[in-house]
*Asks:* 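There's a structure below that I have some questions on.
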Amino acid sequence: MRAIVTILAIVVVIGIIAVATGFVNLRGTSGTLPKVSVQGGQAPAVSADVGSIDVGTKNTTVDVPKVETTKKTVAVPTVAVHKAD
């Protein structure tokens, strides 16, 4: 896979060099868009029957774990940024 990507990159670089040095001259003519007209027609109709959803709340009792924290002094890294004068 790496070899294919390397070969592809080399081919692209060679192509860019060829165009930049004038070895390859790319010329083209400007094109025009075709004229299109649409007449009549009808969009499709879709009908769907769907269920309903009720959203609400209720009171119930659940077990909630109790987490305790303690304060401890530790060294943490700091970064200070000062604007240039």
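The first residue in the sequence is number 1, and the count goes up from there.
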*Asks:* Quick one: does Val13's side chain get under 4.5 Å of Val11's, heavy atoms only?
*Replies:* no

*Asks:* side-chain contact (heavy atoms from CB on, under 4.5 Å) between Ile10 and Val12: does it pass, once the steps are laid out?
*Replies:* CA-CA 5 Å; Ile10 291 171; Val12 169; over 6 Å; no

*Asks:* Starting at OG1 of Thr6, measure out to CE of Met1 and round the result to the nearest 0.5 Å.
*Replies:* 10.5 Å

